[in-house]
Amino acid sequence: MKAITANRLRDGEVVFLGEGGRWVESFAEAALFARAEADGVLAAAKETAERERFGVDIYAFEVVEQDGVPVPATMRERIRTAGPTVRTDLGKQAA
Amino acid sequence: MNHIAPGARAGIYHYDEIDRQFVAERVEQFRKQVERRLAGELTEEEFKPVRLMNGLYLQLHAYMLRIAVPYGVMSAVQLRKLSDIGRKYDKGYGHFTTRQNLQYNWIRLEDTPAILHELAEVDMHALQTSGNCVRNVTTDPFVGAARDEVVDGRVYAEILRQWTTMHPEFTYLPRKFKIAISGAASDRAAVRIHDVGLLARRNDKGEPGFSFYVGGGLGRSPFVGKLVREWVAQEDFVAYLEAILRVYNQYGRRDNIYKARIKILVHELGLEKFTQEVEEEFARLRGPKYRLDPEIVEGIRGHFAPPPFEELPDHSDALERAKAADPAFANWLAVNVAEHKAPGYAIATVSLKPAGGIPGDATCEQMDLVADLAERYSFGELRVTHVQNLVLAHVKKDDLYDLWKRLDAAELGSANAGLIGDIIACPGLDYCALANARSIPLAQAISARFADPVRQRTIGELGIKISGCINACGHHHVGAIGILGVDKKGTEYYQITVGGDPTLTTAIGDILGPAVTETETVDAIEAIVDVYLANRAGEGERFIDTLARVGHAPFKERIYAAD
């Protein structure tokens, strides 16, 4: 599985592509795509985000299932979805 | 704008009207560029180099803004402004870096022009903190105060700041370019790990001049800077540096980012050929146009005039009484306080490394406090060090105890300068888009393990430096113990090096063995320390000297015996 992410242009906030092409701030609301499907969705999302001046640095990342819950496969993406591991009072995890 | 009043504080360079107009125009230019980006008139591809030229990166969580602190010297007013910005536009803290700069990690693009405008109010900016240009020139954090100083590096760093800022010929170098200057007997600026390292000194006639080291640097291919010229007179200082930059601009590789730094050029061309090219260019440039006028030097030196020191005896009864009464203070005094050239004064290092803390981070409250203390005890100025601490350079010995008590109450009084708790760590994977592994948690765990100040002093001088990727922002190559984070199939591992040295006897550390996991790393560091303590020839023998004497074998055996 893959999810698609970006940083919001205006403020840099980490966002994810949700259902219906809507950008969401929480990974829990991110849409998940089969690998074969992800490339096409990513290309379309890049085009839309640039046209609408919404997001930058858009890419797809690997998602795995852990205890029945989808989680980013790499530490890098886990940190992006939550916040710095050394400051749990910062980032999305602080909300 | 409410600028710092010229001449209001000694030891700080004050902008003139030309400087101010220049920076103000650049802020307005960037404001329009941001507006155009947000309006869709610039693509990200077009905008990215523009924002980088204003110090604005995109990192993991948000935009990161890097502010230049020229040669690491600033006023209390400037630090208070950095605190204000951190509170107003970021999340209540800032991060001091190995480049003597300050970074904010949670900046909004739309706020950046306002931040740059506020910085300009106190004669600061973020220009040339990114991009393939001459970056912030660094120097000795004890500059202007150290007892072993021969030449004031601030004067020449400021000349370089003025000369290189937006220099059209050096705006698109093959890669970024870092210069460090030291003017003292001890190298506290790590000059030989910079693209150009300048060792300022005086000749037999007492005239200032420079030794030029070129081609040092860490990263993927670490090199120690090589001596290109033993003596360059002050009047030729700009011409010689310009000659080096021209040779680099002409021959530096632009086809391969990994081979583009001047260290690779010096290595591939060979020192002899490189030197010949520089000397030929220097011969062409040398003359009235590039001659550094002594009047210009003296004009700039005037900005760095010594503060109005009182005439004091070097011995302080108050200090001796406090030292006898408070062992924790006595420990801090022994570790964090250095000799000052003016009798009755001392240089105090403010540690940004509390046990278990994040190296280099300071809350806005801490910044405000240090600004207050700088005004009260150190003529209103302070310095950032390349090991991510702060320095109050001119403190009366009589005031040291009061200073320390106030620092200690704010978790800024750790007695660990130069000891095992004084760890350099890059932001690592917790913040940086380039990192492969986290650096900060390891720094926290190691400093917590060695929190006991008595144990730290028993171990003595031992620098640990941690980088989260091969770019080596944490200077791991020159750590007595270096730690490099690597990614192995999605898991963080750490490669340990030993024997690095950032001083004039510069050495790149050697890899001790295979990388170990995060949890194994702290135990491995403790094992290394244990082997050192068991093998050292007396308390005075430093870790790197014991290592040089006994070799790697006992350390390897202890860590990898079970493998």
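A, B, ... follow the sequence lines: proteins, then strands. Residue 1 opens every chain.
If you measure heavy-atom distances from B:Arg37 to chain A, the contacts under 4.5 Å come from both the backbone and the side chain. Residue A:Glu13 touches chain B through its backbone alone, counting heavy-atom pairs closer than 4.5 Å. In this structure, the portion of B:Ala39 lying under 4.5 Å from any heavy atom of chain A is its backbone and not its side chain. With a threshold of 4.5 angstrom between heavy atoms, A:Arg51 does not approach chain B through any atom at all. With a threshold of 4.5 angstrom between heavy atoms, B:Gln59 approaches chain A through N, CA, C or O but not through any side-chain atom. Within the 4.5 angstrom heavy-atom criterion, atoms from both the backbone and the side chain of A:Thr85 approach chain B. Heavy atoms closer than 4.5 Å to chain A are found in the side chain of B:Tyr93, but not in its backbone.
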- Step-by-step side chain to side chain contact (heavy atoms under 4.5 Å, CB included) determination, A:Arg87 to B:Ile358: CA-CA 9 Å; A:Arg87 287 286 305 267; B:Ile358 297 176; 3.9 Å; yes
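The environment of NZ in A:Lys92 is crowded: more than 12 heavy-atom neighbours from other residues, nucleotides or ligands sit within 6.0 Å. The local environment of NZ in B:Lys488 is crowded, with over 12 non-hydrogen atoms from other residues, nucleotides or ligands closer than 6.0 Å. Heavy atoms of other residues, nucleotides or ligands lying less than 6.0 angstrom from OH of A:Tyr59 number more than 12.
The most heavy-atom pairs under 4.5 Å with chain A, out of B:Glu44, B:His61, B:Glu110, come from B:His61.
When every heavy atom of A:Leu9 is checked against every heavy atom of B:Leu109, the shortest pair comes out as O-CD2, 3.4 Å. Listed here is the closest heavy atom pair of B:Leu60 and A:Arg80: O-NE, 3.3 Å. Counting all heavy atoms, side chain and backbone alike, B:Ile440 lies closest to A:Val86 at CG2-CG1, 3.7 Å. For the residue pair A:Val56 and B:Tyr63, the shortest heavy atom distance occurs at CG2-OH, 4.2 Å.
The line from CG of A:Asn7 to CG of B:Leu58 is 4.0 Å long, rounded to the nearest 0.5 Å. Expressed to the nearest 0.5 Å, how far CD of B:Glu41 lies from CZ of A:Arg53 amounts to 9.0 Å.
At least one side-chain heavy atom of B:Leu38 sits under 4.5 Å from a side-chain heavy atom of A:Arg10.
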